Amino acid sequence: METRQTAPTPELANRYDFSTQEAEVLRLWDERQDYHAEVDRTKKPYSMVIPPPNVTGALHLGHALNNSLQDTLIRWRRMQGYNTLWMAGTDHAGIATQAVVERRLKEEEGKTRHDLGREALVERIWSWKDQYERRILGQLKSLGASCDWPRTRFTLDPMCARAVFATFFDLFRQAWIYRGKKLVNWDTFLQTAVSDDEVFNETVKGHFWHIRYPVIDPQAGEPTHVIVATTRPETLLGDTAVAVHPDPAKALDKVRDELQEKLTKASDKERTEIRAQIEALAARRTEMLAGLELLAKMARAGRKILLPLANRQIPLIADIWAKPELGSGCVKITPAHDPNDYEVGRRANLEMINIMHPDGTMNVEAGAFAGLTIKDARKRVVAALEEAGLLDKVEDREIELPHSDRSKTPIEPLLANQWFIKMDQLAENAINAVEEGRVQIHPPRYTRSYLDWLGEKRDWPVSRQLWWGHQIPVWSKPAQDRQELKQIHDQLFELGIDKSAGGRAAVQEEPCDESDPAKRAHLKLPLATVHVCLSDPADPLSQALESAGFVRDPDVLDTWFSSALWPHSTLGWPEKTPELQYFYPTSVLVTSRDIITLWVARMVLTGLNNVGEIPFRDVYIHPKILDGFGETMSKSKGNGIDPLEIINKFGADALRLSMVQMATETQDVRLPVQFECPHCGHSFEQTKKNRELPAVGCPKCGVEFSTQWAAKPEHLELARGAVISERFEVARNFVNKLWNAARFVLKHLEGYEPAPIQLAQLPVEDRWLLSRLASVTTEVTQRLEQFKFAEAARSLYQFAWDDFCSFYLEINKDRLQDPAQRPQAQQLLAAALDTLLRLLHPPMPFVTESIWQLLNRAAPVRGWDQLFVAVAAGQDDFAQSVPQESSPSLMVARWPMLPSSWIDTACEQQFAVFQSVLAAIRDIRNRQNIGPKETLAFSLRCESSIQSLLQPMAGYFRAMANAELREIGTEITPPQPNAVASLEGVDLFVDLTGFIDVEAEKQRLRKEQEELTKANAGRQAKLANESFTQRAPANVVEEVRQSLAQATARLEIIEQALRTLS
RNA sequence: GGGCGAUUAGCUCAGUUGGUUAGAGCGUCUCGUUCACAUCGAGAAGGUCGGGGGUUCGAGUCCCUCAUCGCCCACCA
């Protein structure tokens, strides 16, 4: 083996310069390309796909969290020797991206997409995509993500497109994709249907209008008007019926029964309320029934109502949708614009009148109101009703108004042609995969939302009226009658497209849902529509179809359609590529809970359908990052943090480590957010008020700066204040601490010679360190296996700072000065630092890699690689540990596995005695206000076993507390005057000659006395309690007895000392 | 309305199957910079574990209940 020369370590800065170091490390990684994976059947694969970030914009802190965790996992597994693939890529994010580009087009050029046309708009979006994809990938690289960059995919790239069309074709052929007319959430601003998932409700102040609809030719005893109530009066123009419950008495009974049922389960507070409801219902019952039963009778008799303003005759119908207890008990039915009314319309075979243009203005069906926006139409309709005396009353009311998540404008329900995926079988399979444990969700409580959602098996509408996305590969042609239908089929036959067209084309015939020919003619509906789906839209057949009068569906597919295929489409499916066979199913998916249904469930479903195998074995759901007020972060709220700003200010490792520390199991994480003044650098807390202002004055320097990411034009000339959080300081300090610990080690490695270590010959402090190292290694490995990121980070942080730096390095300061001990100290320091770097590498790869490179120069042959291999192979053979040439990059160094025989609990306990004596001496020094330069003398009274431990450590008391051990043993003569501390197993006497502050000492002792007395009182009470001594386990009782005895002995010493002082 | 989760120090969070005196970091206070690190070191103060009830020898931990907050799902004209 060729060994590299030991080189002296250059002078290193006492602060870790993350920006320089990170850049260098990134260069190294890019040169080596260790993140790139090729199929290698001699190794076990470990693979993961990135949740592809939307190319809408830059990454936010949630992405930083998500990707820090993924990278921690992939680096750890890579070090464990797996052949790791982390697939990188981005998502085209249909609506979101198109909306952003359209908004800019409007703002900057005053144009709409229609001014540009489909091709030009899509071209613009592509250049937007290029820009943001670059930015996103750059951000990920800055974060240190070790994705397989050469494989980077995009949901619209040819490889993904192929999978999309193959999937669509397959589902189409099985008729699991079908076209239907359904009510969709229509975004009038973007002019597209948005899915239920992209709709949020907002409570707005609105009105509840009670409108009188005249009854046509009322007979004696019948009302002249029917009153209906609505929050959307303009929709009355599309009304095609008024409904009343067919059996109001029965319905009211049911309501009453339900309330009473509820009463039995309700709490006291709710009970009063429910009782009041029942009483109110009973009081109004007779009166309500009289009116409603009459109306129900009229409905059965086929009576008609005159629709105001439109002057159309509409039927009074009986339908269970009308709830007698609500409002007047009658409800207007607008089938084309309300989901519930749509169902009523289907049941009663009502006409559906769409009164709205796609842009939200009223169409010709609205008669006199045509051309008006909804808002204006509403005003005019109300005014017209009032004028006609048909407005009964108006109530103020808060209403839940659905809004589009993308455009933030109100949603209008609208009837449209949409493609749907049938969910029953697909969902069933995905449910089974989780129920049978083939896919495991962590933490397990999220399993329920997955199963519940899939259990509903609601068909998935996949069309989107957009231009940015995978255009639906279906060409359609309507047939008005049987003859035309036959002609179409003949055409297809000539083109070679029929049921046997095989893998290229598939045909569906969609009959019209209106069976009455007269109505069909009236509504200009075709008899049937013939759809042809091509497995490859670029197939020349498409031109042939178009020549034959077929028209391609202009819609594109829901973004989630392509995302759903991500784990297999990125690996080359539908080809049976070696990658697919080797890396699929992937090992784990790391994501946030809000897309468990939208994305995770659908990946399972398509994976099972397309590949026949689950897409991943584990799903880890990480918490959400909230601001200091518990609100989600977002750009628009002004509390969103840009990961790059954190990287610039604190370094990538600090960001990553903070993220890993935050990834706890139980709850979301609050991150109080500050503004940083761009002028003086002062940072101050965000408040709900100041973050909404476009500009804010710095409380320190007084200069105004802009606060929002997208500043208003008038604030563009102001410098923008960064949104940061001081919470990252902890991790930054830790990174710096590690850097300086390494600096210390490197500084003392001159003359380093590798040699195997002999455990039995090591002094107690080394055996302690190795024991701790072995424990921590085991802990961290186990915690990562269980996705307990925060716990793993805590173990590492505590070990590195408290054990390694505060004790081990301090102890070594003396040994390194002693030529006899120096070589061994160097060997252990190099090996311990080496192991520590490996353990810290997954969460903080940059600083550890930087140090690793330096260590490679100072001590190229070192460490316990051979041991790790042996332990991994099940051997616990310490003789194997011969130092090895170290890996040229930490990224591919081996993950530590230390022999369990290194864990020495007795040694750790002994060391704890040393630590507690040290702490006690320091406490006395502080209390007595004795400066660190004043040497203290102390004596220890203890058993001989402890004596043999502490005596050799006398030098460390000198080094770490400037205290001289004068006497130690079972019989000693305490110095006079002294300060006493009675610890477990040892009594400490510090010589106070020359510095005594009697009052301070008495105070310290009294506090100690008080604590011990209090604790003992509790113990005595326990032991006096017979049921405790009898029922508690014997070992627990014994423990209490012992601690009482020990504490009593210590108390006596304290009290003795107090008496002496008095 | 249904479901999930949370409430522990001034702040942000840990707290294993119930078992001695409930922990960490930040912040605060005191003291300290030749000797890896002031992004540091030493020490201190600070908690009736949201309220109430129950089970138990013993509850931050298990059960019930109330209160507050957050999220997801379904929604009433």
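Side chains included, hydrogens not; waters and symmetry mates left out as well; all remaining heavy atoms used. The structure presented is a predicted model; accordingly, all values stated were derived computationally and were not measured. Each chain gets a letter, A, B and so on, in the order the sequences are listed, and its residues count up from 1.
- No hydrogens or angles were tested; on distance alone, nothing pairs the side chain of A/Lys323 with the base of B/C76 as donor and acceptor under 3.5 Å.
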Polar atom pairs between nucleotides 30-34 of chain B and protein, under 3.5 Å, N or O only, would you list them?
none

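- At whole-Å resolution of the value, CZ in A/Phe789 and C1' in B/A14 are 17 Å apart.
- When the C1' atom is compared between B/A22 and B/G47, the two are found 8 Å apart, to the nearest whole Å.
- Between B/U20 and B/C73, the distance separating the two P atoms is 43 Å to the nearest Å.
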For residues 731-746 of chain A, which side-chain donor-acceptor pairs fall under 3.5 Å, sequence neighbours excluded?
| residue | atom | partner | partner atom | Å |
| --- | --- | --- | --- | --- |
| A/Asn736 | OD1 | A/Tyr16 | N | 2.9 |
| A/Trp739 | NE1 | A/Ala13 | O | 2.8 |
| A/Asn740 | OD1 | A/Arg743 | NE | 3.0 |
| A/Asn740 | OD1 | A/Arg743 | NH2 | 3.4 |
| A/Asn740 | ND2 | A/Asn14 | O | 3.1 |
| A/Asn740 | ND2 | A/Asn736 | O | 3.1 |
| A/Arg743 | NH1 | A/Leu12 | O | 2.9 |

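- In this entry the distance linking CD1 of A/Ile625 with P of B/C13 reads 11 Å, nearest Å.
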Tabulated below should be each protein N or O lying under 3.5 Å from an N or O of nucleotides 44-49 of chain B; please produce it.
| residue | atom | partner | partner atom | Å |
| --- | --- | --- | --- | --- |
| B/A45 | OP1 | A/Lys1007 | NZ | 3.2 |

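- Shown here are the salt bridge (Lys or Arg N to Asp or Glu O under 4.0 Å) partners of A/Asp802, two or more places apart in sequence or in another chain: there are none.
- Legend: residues meeting ring-ring contact (aromatic ring centres under 6.0 Å, His included) with A/Tyr808, ordered by chain and number and at least two apart, are absent.
- Every pair passing salt bridge (charged side-chain N to carboxylate O under 4.0 Å, His left out) that includes a residue from residues 1009-1024 of chain A is listed here, sequence neighbours excluded: A/Lys1007-A/Glu1011.
- Distance A/Arg15 CZ to B/C40 P: 10 Å, rounded to the nearest Å.
- With both ends at atom P, the span from B/G60 to B/A9 equals 15 Å, rounded to whole Å.
- In this structure A/Arg1050 satisfies the salt bridge (Lys or Arg N to Asp or Glu O under 4.0 Å) test together with A/Glu1008, sequence neighbours excluded.
- By the salt bridge (Lys or Arg N to Asp or Glu O under 4.0 Å) test, A/Asp814 is found to be paired with no residue, residues two or more places apart in sequence or in another chain being considered.
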note = Output field dot_bracket for RNA chain B (Watson-Crick or G-U, both distances under 3.5 Å, | for other-strand pairs) contains (((((((..((((.....[...)))).(((((.......))))).....(((((..]....))))))))))))....

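- Donor-acceptor pairing under 3.5 Å is lacking for the side chains of A/Ser683 and A/Gln674.
- Comparing the same atom, P, in B/U28 and in B/G1 gives a spacing of 45 Å after rounding to whole Å.
- With rounding to whole Å, A/Trp801 atom CH2 is found 10 Å from B/G25 atom C1'.
- In this structure, A/Asn1035 places its CG atom 15 Å from P of B/G18, rounding to the nearest Å.
- Taking the P atom of each, B/U30 and B/C71 are spaced 41 Å apart, rounded to whole Å.
- Every residue two or more places apart in sequence or in another chain was checked for a ring-ring contact (aromatic ring centres under 6.0 Å, His included) with A/Phe799, and none qualifies.
- B/A44 and B/G53 have their C1' atoms separated by 39 Å, given to the nearest Å.
- A tilted orientation is assigned to the rings of A/Phe789 and A/Phe787, their planes being inclined by 30° to 60°.
- When side chains are defined from C-beta on, A/Leu292 does not count as touching A/His245, because their heavy atoms never get closer than 4.5 Å.
- Every residue two or more places apart in sequence or in another chain that forms a side-chain hydrogen bond (donor to acceptor under 3.5 Å, both in side chains) with A/Ser19 is listed here: A/Asp17.
- Position along RNA chain B of the nearest nucleotide to A/Phe734 versus A/Asp594 favours A/Phe734 as the more 5'-ward residue.
- Only the P atoms considered, B/G5 is 12 Å distant from B/C64, to the nearest whole Å.
- For A/Ser916, there are no side-chain hydrogen bond (donor to acceptor under 3.5 Å, both in side chains) partners at least two apart in sequence or on another chain.
- Comparing the P positions of B/C75 and B/G15 gives an interatomic distance of 37 Å, to the nearest angstrom.
- Along RNA chain B, the nucleotide closest to A/Val228 and the one closest to A/Ala919 are compared, and the more 5′ of them pairs with A/Ala919.
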